[in-house]
Amino acid sequence: MGWETVYEKWTADANLDLDLKKQLDTIAQDPSKLEDCFYTNLEFGTGGMRGEIGPGTNRLNIYTIRKASEGLARYIVNAGEDAVKRGVVIAHDPRHFSAEFTLEAAKTLGAHGIKTYIFDALRPTPVLSFAVRFLNAFSGIVITASHNPPQYNGYKVYNEFGGQLPPAEADEVIRYVASVEDELSVKVGNEEELKASGLLEVVGAKVDQAYQDKVKTLSLNPETIQKVGSDLKIVYTPLHGTSYHPIVNGLKNWGFTNVTVVKEQAEPDPEFSTVKSPNPEEHAAFKIAIDYGKKLDADLLIGTDPDSDRLGVAVKNDQGEYEVLTGNQTGAVLLNYLLTQKKEKGLLPNNGVVVKTIVTSEIGRTIAAAFGIPTIDTLTGFKFIGEKIHEYELSGKYSFLFGYEESYGYLIGSFVRDKDAVQAALFACEAAAYFKSQGKSFYDALQDVFKTYGYFEEGLESLTLKGISGKEEINSIMNDFRTQPPTEVANVPVAFIEDYKKSETTDVAQKAVSTIDLPVSNVLKYKLSDGSWFCLRPSGTEPKIKFYFGVKGSDAADRDKKFNALKTAVMDRVHGLVSK
């Protein structure tokens, strides 16, 4: 069926949502825009779905939300009566139509007799993850596009253990979603009738309190906070997202009283009007917070993305200027603080483990090894870390200590199974308080980590390539590197090639091939003979391809030289391919 046929089916539907009909009318004479709206179905992948809001099968709207929810409903019904009774918890961020999409999902599930819980207002993603297990639900949904631009929204599905669906479960849900042939004819229940019957229940304060109680158990030095908690100057920006109340209340519960919230960014705002991108990974997102920091001479600036699963940290450097740390740097400081304090207090388990992704810095492995703790690698995506936590919980092989990824995602307490900016923010503030009690700053602690474990540096470049042609260009880049792998980069020989699509590692010198025991994924990683590495990974949720880089130098100057040479060499090749 061509896109024109699908478009005609939509416009011929007498019950089509009036707003969507009006939007289609405005582009009726623009075939290229219509094609982009209808040429494909918005992909429901292993991470759920994410896309621009608007009319058509390739957009987020009430009909594509219903289709996804219908597929999930069929999956739940097939799982049995207990799954139907336990039901689904749904949370949402402040984006355009997030509340409406939440209700559409709930009404679709309700039409199948599936119990559904929705929150009384927006909530962070980690609170949803916690709530799934707290309410003994069978599944969870978060309506969010995380840190994407305002025109985007998304739909993420969680399993009964509070983690995003791992590949096997995701594949099954994907099959059910794909079996929904007509998104326009999906049946939905009536909101008031569902509430009256008990199939739709609104939750809030009880879940929040239980979550905060768990988060407080993560504190390792409450007595230190009592001593310096009023002196540590904290500036916090929610970046117009979901975490104002969870983090402000959490800081108060932990004993921090010198907290200033960036008022311009405190209220939820679907346009994220004060920032170009509501992403703490983007240093520009900290601009207003840094202005606050300068006025207040703050010790620590913290920022969270709209659904509050990512935490950014900014601290004063040696020149007295506020510097936004990378996710790898913040993770290294938090991990070192965690392991040091647990060891001092005799709380370090004999079978402890750290879990990170394949594109996260090797400094974490180096730190953990110094404490006799192994580090396990997973594919990119925190769902794989959550899956490992569940696996170790069942087997007893390891006790989870810390999980993180370079993209500003951290987890300390396993009562959540996704990255959690709330617990990470509070833990970072406690670490800063401890360092302050020792006469040091958070930045000083980072320099101590480098001096002790090595001068590591990592970075990320990405190319956004939209539409059909963009997808083809991304495939072309991956194919070029896969079929014509570099033998050296920046005059450094390639030692190992890891192809996660083929599930194999090639030892270049020995010409030996071994198996990678991870799920299949379209990812390439090249390890160089000096310990440097780079990785290519198409995004699963955005029209992007990402390039990751990592080096270790003998000192700061050597590190920076190696990093710049590596990144330049790789990106020169990439840009050459794109410009062809």
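Every value quoted in this text rests on a predicted model; they were computed, and no experiment measured them. The figures that follow rest on heavy atoms only: side chains count, while hydrogens, waters and symmetry mates do not.
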* Which one of Asp530, Val492, Leu528 satisfies the side chain to side chain contact (heavy atoms under 4.5 Å, CB included) criterion with Leu566? -> Leu528
* To do: Could you go through the side-chain contact (heavy atoms from CB on, under 4.5 Å) check for Ser407 and Arg310 one step at a time?
  => CA-CA 7 Å; Ser407 55; Arg310 298 172 191 243; 3.2 Å; yes
* Is a side-chain donor-acceptor pair under 3.5 Å present for Ser277 with Glu282? -> no
* **Close side-chain approach of Gln151 to Ile53, heavy-atom, < 4.5 Å** => no
* Applying side chain to side chain donor-acceptor pair (under 3.5 Å), which residue pairs with at least one partner in residues 491-509 are found, sequence neighbours left out? -> Arg482-Asp499, Glu498-Tyr500, Glu498-Lys527
* **Passing candidate, ring pair (Phe, Tyr, Trp, His ring centres under 6.0 Å) with Tyr526, options Trp533, Phe534, Phe496** => Phe534
* Structure fact -> The single option from Glu405, Glu457, Glu406 that satisfies side chain to side chain contact (heavy atoms under 4.5 Å, CB included) with Asn328 is Glu406
* When rounded to the nearest 0.5 angstrom, what distance separates OG1 in Thr237 from CD in Gln265? -> 3.5 Å
* Asked: So, Glu461 and Lys567, do they make that salt bridge, N to O below 4.0 Å?
  -> yes
* Glu321 and Ile290: CA distance, side-chain angles, deciding distance, side-chain contact (heavy atoms from CB on, under 4.5 Å) verdict -> CA-CA 9 Å; Glu321 296 294 326; Ile290 287 173; over 6 Å; no
List the atom pairs, with distances to 0.1 Å, where a side-chain N or O of residues 373-383 and a protein N or O form a donor-acceptor pair under 3.5 Å, not counting sequence neighbours.
from: Asp377; atom 1: OD1; to: Lys356; atom 2: NZ; distance (Å): 3.0
from: Asp377; atom 1: OD1; to: Arg365; atom 2: NH2; distance (Å): 3.1
from: Asp377; atom 1: OD2; to: Arg365; atom 2: NH2; distance (Å): 2.5
from: Lys383; atom 1: NZ; to: Thr46; atom 2: O; distance (Å): 3.2
from: Lys383; atom 1: NZ; to: Thr46; atom 2: OG1; distance (Å): 3.0

* Asked: Are more than 12 heavy atoms from other residues, nucleotides or ligands located less than 6.0 Å from atom CD of Gln447?
  -> yes
* To do: Using a strict 4.0 Å threshold on nitrogen-to-oxygen distance, state whether Glu362 and Lys552 make a salt bridge.
  => no
* Asked: Are Asp291 and Lys287 close enough for a salt bridge, meaning some N to O gap below 4.0 Å?
  -> yes
* Might you confirm whether atom OH of Tyr392 has over 12 heavy atoms from other residues, nucleotides or ligands at distances under 6.0 Å? => yes
* Just checking, any donor-acceptor pair under 3.5 angstrom between side chains of Tyr152 and Ser146? -> no
* Asked: Judged by atom type as modelled, is there a donor-acceptor pair below 3.5 Å linking the side chain of Asn159 to the main-chain atoms of Leu165?
  -> no
* Asked: Does one side chain, of Glu271 or Ser273, offer a donor that lies under 3.5 Å from an acceptor on the other?
  -> no
* Nearest non-hydrogen partners of Pro519 and Phe384, listed with the distance -> CG-CE2, 4.0 Å
* Kindly check if the number of other-residue, nucleotide or ligand heavy atoms within 6.0 Å of CD (Glu391) is above 12? => yes
* **Considering all heavy atoms, the nearest Leu335-Gly364 contact** => CD2-O, 3.6 Å
* Ring-face cation contact, Phe101 with Arg95, 6.0 Å cut, 45° max -> no
* **Ser243 to Val422 - nearest heavy-atom pair and separation** => OG-CG2, 3.7 Å
* Check: Asp444 and Phe435 side chains under 4.5 Å, non-hydrogen atoms -> no
* Just checking, is any N or O donor in the side chain of Ser98 or Asn153 under 3.5 Å from an acceptor N or O on the other one? -> yes
* **Distance-only donor-acceptor check, side chains Tyr408 and Asp305, under 3.5 Å** => no
* Asked: Does a salt bridge link Asp480 with Arg573, judged by any charged N lying under 4.0 Å from a carboxylate O?
  -> yes
* Asked: Just by distance, with hydrogens left out, do Ser476 and Asn479 show a side-chain donor and acceptor under 3.5 Å apart?
  -> no
* Asked: Got a second to check how far Thr357's OG1 is from Ile385's CD1, nearest 0.5 Å?
  -> 6.0 Å
* Structure fact -> Between the CD1 atom in Ile367 and the OH atom in Tyr337, the distance rounded to the nearest 0.5 Å is 15.0 Å
* Look at atom NZ of Lys33 and say whether more than 12 heavy atoms of other residues, nucleotides or ligands are closer to it than 6.0 Å. => no
